[in-house]
Amino acid sequence: MNYSEKLTRDNCVVVLVDFLDGFFPGLKTINHDLLRKNAEAFTRLSKIFNLPTIMLGEEGGFRGKFFPEVVAHADHAIRVERHTPSAWDEPVFREKLAAIGRKKVLLGGISLDICTLQLAIDLLGAGYEPYVVVDVSGSDTTLNETAALLRLTQAGAVLVSWASVASEIMKDWQSPEGSAVGQLYQDFSYWGNRL
């Protein structure tokens, strides 16, 4: 694993994990409106940098509907339905990820201690480098979330925020994406004083 190698537009892939409103009753560790904003920002940054993106989840029943804020900016994403807590156990996901050919996987979503955790552990076992975007994720209790964060770091995953990812990939405010990232900060982060 080469975690000292910085993220670039050419070496990472984004995985959006289950941004479905039916899971809101179980999410207690992050404000739901903040989660929606962060999920939208994460999806938007994948589009700003033209990053390969996989959107996981299945609408209907207790799962509800995808966040409209995510769907509105995920037209570039490959959609993968699955019936397993870890997307790794879905052959279509493994095939799509392998076809993209990038080892650094930026992932985050619902829930941090179940689907996001299990996928990250499986990615590590398969030789990928997972970067878990913690502020687009949540859990049912602080205890469970803390346990998941500890397990993730003990296993070798890296914990990041969507804003840290955006600035790392951008590198320079004078880059072609600099103004779009600045607007993202203004609209979706405390740096813009709009939350």
Side-chain angles (χ1 to χ4, degrees), residues 1-19 27 29-56 67 69-70 73-74 76-77 97 100 102-113 115-117 119-121 123-124 128-139 142 145-146 148-195:
M1 305 281 176
N2 186 6
Y3 288 120
S4 62
E5 177 189 12
K6 284 195 167 183
L7 298 166
T8 72
R9 73 184 75 242
D10 300 315
N11 70 2
C12 60
V13 54
V14 168
V15 178
L16 308 170
V17 183
D18 296 337
F19 288 120
L27 283 176
T29 60
I30 186 170
N31 174 277
H32 295 174
D33 290 334
L34 180 59
L35 177 64
R36 283 181 182 275
K37 285 181 178 290
N38 289 347
E40 181 178 351
F42 185 40
T43 307
R44 282 186 181 220
L45 81 82
S46 74
K47 196 166 186 176
I48 288 170
F49 295 110
N50 196 29
L51 300 176
T53 302
I54 299 174
M55 184 171 168
L56 299 174
F67 298 177
E69 304 92 337
V70 168
H73 303 285
H76 63 297
L97 185 62
I100 291 168
R102 299 180 179 193
K103 291 295 184 182
K104 294 184 182 295
V105 182
L106 303 168
L107 74 153
I110 305 171
S111 77
L112 184 63
D113 64 315
C115 297
T116 299
L117 169 70
L119 175 55
I121 297 293
L123 288 168
L124 283 161
Y128 287 88
E129 301 174 19
Y131 290 71
V132 178
V133 186
V134 296
D135 55 353
V136 301
S137 306
S139 186
T142 302
E145 185 168 270
T146 301
L149 293 171
L150 288 169
R151 186 173 180 196
L152 285 162
T153 54
Q154 288 163 344
V158 173
L159 307 182
V160 294
S161 68
W162 70 258
S164 68
V165 166
S167 63
E168 186 169 335
I169 295 173
M170 177 192 66
K171 291 179 72 172
D172 186 338
W173 292 109
Q174 297 299 315
S175 71
E177 297 82 12
S179 62
V181 172
Q183 192 62 54
L184 206 61
Y185 279 25
Q186 288 297 308
D187 293 342
F188 295 98
S189 81
Y190 288 105
W191 299 108
N193 198 29
R194 296 192 186 171
L195 294 181

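Heavy atoms only: backbone and side chains are in, while hydrogens, waters and symmetry mates are out.
Aromatic ring orientation, Tyr185 versus Trp173: perpendicular (interplanar angle above 60°, classes split at 30° and 60°).
Rounding to the nearest 0.5 Å places CG of Leu97 at 4.0 Å from OH of Tyr128. For the atom pair CG of Leu35 and CG of Asp135, the computed distance is 9.5 Å after rounding to the nearest 0.5 Å. One distance of note links CG of Asp18 with CE of Met55; it measures 9.5 Å at 0.5 Å rounding. Here the NZ atom belonging to Lys104 is positioned 13.0 Å from the CG atom belonging to Asp10, to the nearest 0.5 angstrom.
A salt bridge is defined here as a Lys NZ or Arg NE, NH1 or NH2 lying under 4.0 Å from an Asp or Glu carboxylate O, and Glu40 with Arg44 meets this definition. The pair Arg36-Glu69 meets the salt-bridge criterion, since a charged nitrogen lies less than 4.0 angstrom from a carboxylate oxygen.
Counting only N and O atoms by type, the side chains of Thr53 and His76 include a donor and acceptor under 3.5 Å apart.
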For Lys171 and Lys6: C-alpha separation, side-chain torsions, deciding distance, then whether side chain to side chain contact (heavy atoms under 4.5 Å, CB included) applies. CA-CA 10 Å; Lys171 291 179 72 172; Lys6 284 195 167 183; over 6 Å; no
What's the verdict on side chain to side chain contact (heavy atoms under 4.5 Å, CB included) for Leu56 and Leu107, showing C-alpha distance, side-chain angles and the deciding distance? CA-CA 10 Å; Leu56 299 174; Leu107 74 153; over 6 Å; no
In sequence, state the C-alpha distance, the side-chain angles, and the governing distance for Val132 and Leu149, and then conclude on side chain to side chain contact (heavy atoms under 4.5 Å, CB included). CA-CA 9 Å; Val132 178; Leu149 293 171; 5.8 Å; no
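Two residues are said to be in side-chain contact when any heavy atoms from C-beta on lie closer than 4.5 Å; Leu51 and Ile169 meet this criterion. Annotation: side chain of Val15 is not in contact with side chain of Leu123 (no heavy-atom distance under 4.5 Å). With a 4.5 Å cut-off on side-chain heavy atoms, Asp113 and Arg151 do not count as touching.
By the side chain to side chain contact (heavy atoms under 4.5 Å, CB included) test, Asn31 pairs with Asp33, Leu34, sequence neighbours left out.
Pairs passing the side chain to side chain donor-acceptor pair (under 3.5 Å) check and including a residue from residues 154-163, sequence neighbours excluded, read Asn38-Trp162, Ser161-Ser164.
The main-chain N or O of Ser139 is found under 3.5 Å from a side-chain atom of Thr29 such that the two form a donor-acceptor pair. In this structure, Thr116 contributes its side chain and Gly109 its backbone to a donor-acceptor pair below 3.5 Å.
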